[in-house]
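Bear in mind that the values here come from a model prediction, so they are computed numbers and not experimental data.
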Amino acid sequence: MKNIREHEAQPGEPDAPGCAVPATAAEALAEGHRATRDRVARSILDHGPSSAADLASRLGLTPAAVRRHLDGLAAAGLVDAREQRVYGSRGRGRPAKVFALTDSGRSAFYQAYDQLAADALRWISEAAGGGSAGEEAVAAFARARLAKQGERYQDALDQAGAQRAEALAEALSADGYAATVRRVPSAAAAPAAPAGAQLCQHHCPVAHIAEQFPQLCEAETEVFSQLLGTHVQRLATIAHGDGVCTTYVPASGAAPSSSRTPGAAPTAGTSPNENGSSARRNLA
């Protein structure tokens with residue numbers, strides 16, 4: 001819930017990025033509406049399931065205004081209505097209706113999942129004794145986790161024939177990785193050779209954790225190789241500062257390569273130096 005502006009531009013002050021003043025009265029009204037809706041959701045987060053009357057009293061709004069915002073939050077799947085739980089004897093009439101945040105509504109606010117995951121992996125490493133033993137314990141966890149993910153993809157890839165990379169991209173996209181495939185020549189000196197592919201993941205849900213634990217990237221690369229039935233080469237990762245996670249998948253029958261694959265052009269969001277440096281980090 002980050003729609004409320006943190007800064008109001010003063011007269012004569014240049015607009016800062018992300019702090020632009022609405023150009024029209026309609027935009028100003030829409031922004032004010034979003035800010036009030038965020039206040040309603042935040043009040044439910046802070047105080048638990050609340051009736052429209054309770055929210056109106058806390059926020060200094062009319063019940064009718066609160067109901068309009070609740071209708072918008074409900075339509076977006078961020079809150080749902082339920083009967084108020086009453087403890088002890090209950091008076092006549094139906095229980096009051098209260099509004100509670102859904103899982104999607106809670107996820108719109110700050111979550112500490114990244115920190116929880118990092119703490120868990122750090123504990124695994126320390127429990128194994130730290131050092132190389134700790135690194136291997138984290139790697140074992142990463143391989144087991146990615147293997148489970150790969151099992152879910154296996155059937156789709158087995159039915160894909162020669163389009164295995166495209167099937168993998170589709171499966172990854174369904175899990176939030178926004179993956180695409182780009183066909184590239186296998187070698188610049190042999191333009192008639194079968195094309196390889198760049199598997200590009202434009203989003204990584206675990207990028208912040210992979211910055212600290214590169215075993216996650218390494219395990220993912222291993223699983224890609226197993227699913228595709230060929231050696232693959234990781235050229236770039238979001239976790240290491242590249243714009244896109246890029247994996248080169250050679251054409252069928254191509255020989256494995258320990259250096260950057262000829263003809264694997266840089267992907268949007270990376271530079272040739274970035275791709276090369278990422279390959280040299282030996283993530284494959």
Exercise. Look at the side chain of Thr221 and the backbone N and O of Cys217, then say whether any donor-acceptor pair between them is shorter than 3.5 Å.
Key: yes
Quiz prompt | Taking every non-hydrogen atom, the tightest pair across Ala169 and Val181 | solution = CB-CG2, 3.7 Å
Quiz item: Closest approach of Pro205 and Tyr177, non-hydrogen atoms and distance?
Solution: CD-CE2, 3.5 Å
Exercise. Calculate, to the nearest 0.5 Å, the distance between atoms CD1 and OG belonging to Ile44 and Ser51 respectively.
Key: 10.0 Å
Self-check item: Closest contact, heavy atoms only, Val138 versus Leu121
Solution: CG2-O, 3.6 Å
Exercise. Answer yes or no: is there an ion pair linking Arg42 with Asp46, defined by an N-O contact shorter than 4.0 Å?
Key: yes
Self-check item: Closest approach of Gly150 to Val223 (non-hydrogen atoms, all atoms of both residues)
Solution: CA-CG1, 4.1 Å
Quiz item: How far does CD of Gln201 sit from OG1 of Thr247, to the nearest 0.5 angstrom?
Solution: 5.5 Å
Self-check item: Sidechain N-carboxylate O distance under 4.0 Å for Arg106, Asp103
Solution: no
Practice problem: Hey, could you give me each pair passing side-chain hydrogen bond (donor to acceptor under 3.5 Å, both in side chains) that has a residue in residues 165-174? Not counting sequence neighbours. | Solution: Glu166-Arg183
Practice problem: Take Val249 and Leu168, measure what side chain to side chain contact (heavy atoms under 4.5 Å, CB included) needs, and give me the verdict at the end. | Solution: CA-CA 11 Å; Val249 182; Leu168 178 55; over 6 Å; no
Quiz item: So do the side chains of Leu172 and Leu199 get within less than 4.5 Å of each other, counting heavy atoms only?
Solution: yes
Quiz item: Quick one: CZ on Arg82 to NZ on Lys97, what's the gap to the nearest 0.5 Å?
Solution: 12.5 Å
Quiz item: What's the spacing between His208 NE2 and Ile238 CD1 if we round to 0.5 Å?
Solution: 10.0 Å
Quiz item: Rounded to the nearest 0.5 Å, what separation is found between the OG atom of Ser104 and the CG atom of Asp80?
Solution: 10.5 Å
Quiz item: If you round to the nearest 0.5 Å, how far is CG of Leu101 from CG of Leu78?
Solution: 8.0 Å
Exercise. Say whether Trp123 and Phe141 are linked into one hydrophobic cluster, either directly or through other cluster members, by side-chain heavy-atom distances under 4.5 angstrom.
Key: yes
Quiz item: Side-chain contact, heavy-atom cut-off 4.5 Å: Val98 with Ser50?
Solution: no
Self-check item: Side chains of Arg164 and Thr230, donor plus acceptor under 3.5 Å
Solution: no
Quiz item: So, the side chain of Thr102 versus the backbone of Ala100: is there a donor-acceptor pair under 3.5 Å, distance only?
Solution: no
Self-check item: Validation row: Arg234, His240 side chains within 4.5 angstrom (heavy atoms)
Solution: no
Quiz item: Is there a side-chain contact between Leu146 and Glu222 (heavy atoms, below 4.5 Å)?
Solution: no
Exercise. Sorted by first residue and then second, give each side-chain hydrogen bond (donor to acceptor under 3.5 Å, both in side chains) pair with at least one member in residues 124-140; sequence neighbours left out.
Key: Glu136-Arg143
Quiz item: Which heavy atom of Ala56 sits nearest a heavy atom of Pro63, and at what distance?
Solution: CB-N, 3.8 Å
Exercise. Please assess Leu55 against Leu70 for the test side chain to side chain contact (heavy atoms under 4.5 Å, CB included), listing each intermediate value before the final yes or no.
Key: CA-CA 10 Å; Leu55 289 163; Leu70 288 170; 3.9 Å; yes
Exercise. Kindly determine whether Arg68 and Asp71 satisfy salt bridge (charged side-chain N to carboxylate O under 4.0 Å, His left out), including the steps that lead there.
Key: CA-CA 5 Å; Arg68 286 197 299 272; Asp71 287 344; over 6 Å; no
Practice problem: Could you tell me whether the side chain of Arg39 and the main chain of Leu59 form a donor-acceptor pair under 3.5 Å? | Solution: yes
Could you list the donor-acceptor pairs under 3.5 angstrom formed between side-chain atoms of residues 152-162 and any protein atom two or more places apart in sequence or on another chain?
residue, atom, partner, partner atom, Å
Arg152, NH1, Asp175, OD2, 3.3
Arg152, NH2, Asp175, OD2, 2.9
Tyr153, OH, Gln149, NE2, 2.8
Tyr153, OH, Asp175, OD2, 2.5
Gln154, NE2, Asp158, OD1, 3.0

Quiz item: Are the side chains of Thr36 and His69 in touch, meaning some heavy atoms are under 4.5 Å apart?
Solution: yes
Exercise. Apply side chain to side chain contact (heavy atoms under 4.5 Å, CB included) to the pair Phe213 and Val206, showing each step before the final yes or no.
Key: CA-CA 10 Å; Phe213 299 96; Val206 298; over 6 Å; no
Exercise. Provide the closest heavy-atom pair for Ser43 versus Arg58 in the form atom of the first, atom of the second, distance.
Key: OG-NE, 2.8 Å
